[in-house]
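See structure below.
Convention: sequence-line order gives letters A, B, ...; per-chain numbering from 1.
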Protein chains: 2
Amino acid sequence: MKGQALKGHLDLLVLSVLAQGPCHGYGVIEQLRARSGDAFDLPEGTVYPALHRLEQAGLLESEWSEDSGRRRRTYRLSESGRGALVTERSAWEEFSDAVSAVLSGVPWPRPT
Amino acid sequence: MKGQALKGHLDLLVLSVLAQGPCHGYGVIEQLRARSGDAFDLPEGTVYPALHRLEQAGLLESEWSEDSGRRRRTYRLSESGRGALVTERSAWEEFSDAVSAVLSGVPWPRPT
DNA sequence: CCTTCATACCTCGGAATGCTAGGCATAGCC
DNA sequence: GGCTATGCCTAGCATTCCGAGGTATGAAGG
């Protein structure tokens, strides 16, 4: 995956993962890698600040837990977060369709 | 269209427009608006620097022209630009598919 | 015991990018 | 003359992603 292609869409991805159940930061990274078929392999320096940002914005809630001597911070979607996910998903679809529309006019050098 | 959702994908859009024929800056903005069904209404402060960047990178070539007393700068895809368009389009499709894959796991509150 | 690796968290600073806000100039219309 | 549309430009700000570095625990291997 080319550098910083996901600019502006990271929030949507993180919210999507957490919509399927609470998870901690490291787990979010693994989920994204798994669900995207290895396309998204995000560095920690990308994901952790994003989680903090989303919590700051009230879209996530977090809770510390101790699991076999390891401290973890588990994130969960808030009600606002659930709403934001719906909004962001719509925005993504609109955006994606718009890009497709622009691209559809471009001659494509491959067989159809 | 929500603010700066197109981060990182602007180049692809501009190259796509210019792949369909030479055009000047103002025209690129209009083309994008038209082809996207008004989804993309980009400010000049976004598009002009992008054109300069792409020319700097060798993906575009430009030429000044005088049309009824108005000076215009007409941009054209270079060979490199044509190659970059292919690369960027592939990258977009990969990215788009990856996002879709992640989203596909999210329960969607609307009828399918 | 000690090293190494995987897990798990964090932050700082750089780099890129888009946008707001301003400016300049010409043509056409009222 | 004034206003709008066309057509170009730049400076500086804000946001965002990422590389690099730091901390700490547990398990595995020697």
_Result of checking A:Arg76, A:His52, A:Arg73 against A:Ser62 for side-chain hydrogen bond (donor to acceptor under 3.5 Å, both in side chains)_ = A:Arg73
_Taking only side-chain N and O atoms of A:Tyr48, does any of them lie within less than 4.0 angstrom of OP1 or OP2 on C:dC10?_
no
*asked:* Quick check on C:dG18: is either OP1 or OP2 less than 4.0 Å from any side-chain nitrogen or oxygen of B:Arg53?
replied: yes
*Taking only side-chain nitrogens and oxygens of A:Arg73, does any of them come within less than 4.0 Å of OP1 or OP2 of C:dC10?*
yes
*Does the D:dC9 base have a donor-acceptor partner in the side chain of B:Glu44 within less than 3.5 Å?*
yes
*Round to the nearest Å and state the distance from B:Arg72 atom CZ to D:dC9 atom C1'.*
17 Å
*Test item: B:Ser78 side-chain N/O and B:Gly58 main-chain N/O as donor-acceptor pair under 3.5 Å*: yes
_A:Phe95 and B:Phe40 aromatic ring geometry - parallel, tilted or perpendicular at 30°/60° bounds_ = perpendicular
Review item, nucleotides 25-29 of chain C N/O atoms under 3.5 Å of protein N/O:
residue	atom	partner	partner atom	Å
C:dT26	O3'	B:Gly69	O	3.4
C:dT26	O2	B:Arg70	NE	3.4
C:dA27	O4'	B:Arg70	NH2	3.2

_Contact under 4.0 Å: A:Thr46 side-chain N or O vs D:dC17 OP1/OP2_ = no
*Would you check if the side chain of A:Ser36 reaches a backbone N or O of A:Leu32 as a donor-acceptor pair within less than 3.5 Å?*
yes
*Nearest nucleotide by nearest heavy atom, which residue falls closer to the 5' end of DNA chain D, B:His52 or B:Glu30?*
B:Glu30
